[in-house]
There are 2 protein chains.
Amino acid sequence: MSQQMSQQASQQASQQASQQTTTSRMSGPARREQILAAARKVFAEDGYAASTDQVARAAGVSQPYVVRLFGTKRDLFVEAYTHATAEVCATLAAVPAGPDADARMGAAYVELLADRDLLRLVMHGFVAGNDPEVGRAARACLGEAYRLFVERSGGTPEQGRDFVAMGMLVNVLLAVGADAHVGESEGMDALLACVDSSIEEVRGA
Amino acid sequence: MSQQMSQQASQQASQQASQQTTTSRMSGPARREQILAAARKVFAEDGYAASTDQVARAAGVSQPYVVRLFGTKRDLFVEAYTHATAEVCATLAAVPAGPDADARMGAAYVELLADRDLLRLVMHGFVAGNDPEVGRAARACLGEAYRLFVERSGGTPEQGRDFVAMGMLVNVLLAVGADAHVGESEGMDALLACVDSSIEEVRGA
DNA sequence: CGCTCTTGTTAGTAATCACTCAATGCCAAC
DNA sequence: GTTGGCATTGAGTGATTACTAACAAGAGCG
């Protein structure tokens, strides 16, 4: 499955990266962050199955250099993944408590939807959970999302559960490309319409 | 990540399969189904990244034979995946309409929880959705689950959405091994307790 | 027994993988 | 202006990959 798809995907990524990449010399930490950004994009697309070569081409660097900077492909993935989950948690944690905090939490998550790569990467970590460190980060992110919602909104456990569940539904719909295949199945169309209206509702609040 | 883990995992699978495998000659379709069952287990563990060799060892067959019978690793994955999604849909479709149909739909899904491999495989398909055929099967399954719930229970679109969302939450919690890591994060513990009580509630109904 | 079809294997191939090694240029400090 | 450290690469290695080709063996049938 990943042969044709990831080939052309990485070609696209390499093209668009080589345009924006300064081929000249960079400082170590700066290059590290650039590679991490590329890794986030590539891993979001193909998950852990993406190769370090794809990441290197997306960053405009040679492949040995990315493993030199990060030690191991697994280390790179774990670092990119923990960054992503931390970003999600930070966004939710930035919502202050108070009246209508539940709606503002929902709006904060909807804001995250703009960055498709972020949520796709988080999703990939959910199924790559047999790696102990990835699994721990994934569980921590889910638990924090629940805890923050209940704490900030003062809602019941059931409301917290529903908040996280709704987030997972949106994640999955995004991952399977539901928005890009409207008109394929009537059930999916109706589900998508219902979720979309909820998103618009929370966005307006 | 998958190196050490999948190695020992496939060794376990091969051992337990070689015990239950009739090494003698089998009929073609029977062997096909046996390999499909093995593929379901292996793909549930490691996703599409699992090798045909792992599947072959789990089935107690040589590796070239599994690609001979199924043509391509991708074909094998797609067939195993469509079988899994069809099983989920069939289970939900078996719930008759009537009063308390919503609770019975929930109970039917909880029944599916007993087969961890099934839901883990379905989850893997959700993130492998860049493959067109896998993505289509995943979207069809989600759409059908929603449609069936609304049709059988006569509920509102919002209730249907919440049903599917709850299913996704349970899937994710299962995939990240939340039940196997209790006591790690207080937020996750509270979330898991809330979901568990909901499951027990629907199980009793 | 012989003939043939299906079941199954061993041996092999080309590609890709993560990762290593040794080297090369660049920049700043002395 | 030479020295030394940092950024970066090309070339290579061994392992694993999906997949192929050719061949062995068993079962039904005349």
Side-chain angles (χ1 to χ4, degrees), chain A residues 1-11 14 17-18 21-36 38-39 42-43 46-80 131, chain B residues 1-11 14 17-18 21-36 38-39 42-43 46-80 131:
Chain A
M1 146 174 43
S2 59
Q3 270 132 347
Q4 322 94 307
M5 287 230 44
S6 62
Q7 238 179 13
Q8 62 191 44
S10 64
Q11 276 181 355
S14 127
S18 56
T21 292
T22 320
T23 41
S24 68
R25 205 181 158 101
M26 284 180 71
S27 95
R31 190 65 96 181
R32 241 188 97 91
E33 271 191 49
Q34 183 195 3
I35 293 178
L36 223 90
V42 170
F43 283 139
D46 290 344
Y48 187 75
S51 67
T52 56
D53 206 64
Q54 286 176 42
V55 175
R57 285 204 298 271
V61 195
S62 75
Q63 181 267 348
Y65 197 45
V66 8
V67 16
R68 162 108 140 197
L69 283 186
F70 290 89
T72 274
K73 174 187 167 182
R74 179 182 170 269
D75 291 341
L76 173 58
F77 185 84
V78 167
E79 189 161 335
D131 179 272
Chain B
M1 146 173 46
S2 59
Q3 270 131 347
Q4 322 94 307
M5 287 231 42
S6 62
Q7 238 179 13
Q8 62 191 42
S10 63
Q11 274 181 355
S14 127
S18 55
T21 293
T22 321
T23 41
S24 70
R25 206 181 158 101
M26 283 180 71
S27 96
R31 190 65 96 181
R32 242 188 97 91
E33 271 190 49
Q34 182 194 4
I35 293 179
L36 225 95
V42 170
F43 283 140
D46 290 344
Y48 187 75
S51 67
T52 56
D53 206 63
Q54 285 176 41
V55 175
R57 284 204 299 270
V61 196
S62 74
Q63 182 268 346
Y65 198 45
V66 9
V67 15
R68 162 118 133 199
L69 283 184
F70 290 89
T72 275
K73 174 187 168 181
R74 178 181 170 271
D75 291 342
L76 173 59
F77 184 84
V78 168
E79 189 162 336
D131 180 90

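Residue numbers start from 1 in every chain, and the chains themselves are labelled A, B, ... in the order their sequence lines are given, proteins ahead of strands.
- When rounded to the nearest whole Å, the span between CG of D53(B) and P of dT10(C) equals 12 Å.
- Here dC19(C) is the nucleotide among dC19(D), dC19(C), dT8(D) with the atom lying nearest to any side-chain atom of K73(A).
- In plain terms, the two heavy atoms of A50(B) and V42(B) that are nearest each other are CB-CG1, 3.5 Å.
- The CG atom of D75(A) sits 13 Å away from the P atom of dA18(C) (whole-angstrom rounding).
- The CG-C1' distance, from L69(B) to dT7(C), rounds to 9 Å in whole Å.
- Between A38(B) and V55(B), the shortest heavy-atom contact is CB-O, 3.9 Å.
- With sequence neighbours excluded, the residues that form a side-chain contact (heavy atoms from CB on, under 4.5 Å) with A56(B) are Q63(B), V66(B).
- Contact annotation: T52(B) does not reach the phosphate of dC19(D) (side-chain N/O to OP1 or OP2, under 4.0 Å).
- Between the CE atom of M26(B) and the C1' atom of dA25(D) there is a distance of 18 Å, rounded to whole Å.
- Atom C1' of nucleotide dC17(C) and atom CG of D46(A) are separated by 14 Å, given to the nearest angstrom.
- The aromatic rings of Y48(B) and F43(B) sit parallel to each other, their planes meeting at less than 30°, with 60° as the upper class boundary.
- Between R74(A) atom CZ and dC19(C) atom P the separation is 11 Å, expressed in whole Å.
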field: Bracket string, DNA chain C, 5' to 3' - pairs by Watson-Crick or G-U geometry under 3.5 Å, | interstrand
entry: ||||||||||||||||.|||||||||||||
Below 3.5 Å between N/O atoms, which protein atoms pair up with nucleotides 9-14 of chain D? Just atom names and distances, please.
from	atom 1	to	atom 2	distance (Å)
dT9(D)	OP2	S62(A)	N	2.9
dT9(D)	OP2	S62(A)	OG	2.9

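- Note: CZ (F77(B)) to P (dT17(D)) measures 16 Å, nearest angstrom.
- Across all strands, A56(A) comes closer than 4.0 Å to no nucleic acid atom at all (heavy-atom distances).
- Closest of all the heavy-atom pairs between F70(A) and D75(A) is O-CB, 3.2 Å.
- Among the atoms of the strands shown, only primed sugar atoms or phosphate atoms (P, OP1, OP2) are found under 4.0 Å from some heavy atom of A50(B).
- Between the C1' atom of dA18(C) and the CD1 atom of I35(A) lies a distance of 15 Å, rounded to the nearest Å.
- Atom CZ of R74(B) is separated from atom CG of D131(B) by 4.0 Å, given to the nearest 0.5 angstrom.
- Rounded to the nearest 0.5 Å, atoms CG (L76(B)) and OG1 (T52(B)) are 8.5 Å apart.
- When all heavy atoms of L36(B) and E79(B) are compared, the closest pair comes out as CD1-OE2, 3.7 Å.
- For R68(A), the side chain to side chain donor-acceptor pair (under 3.5 Å) criterion is met by no residue, not counting sequence neighbours.
- At the phosphate of dC19(C), OP1 or OP2 sits under 4.0 Å from a side-chain N or O atom of T72(A).
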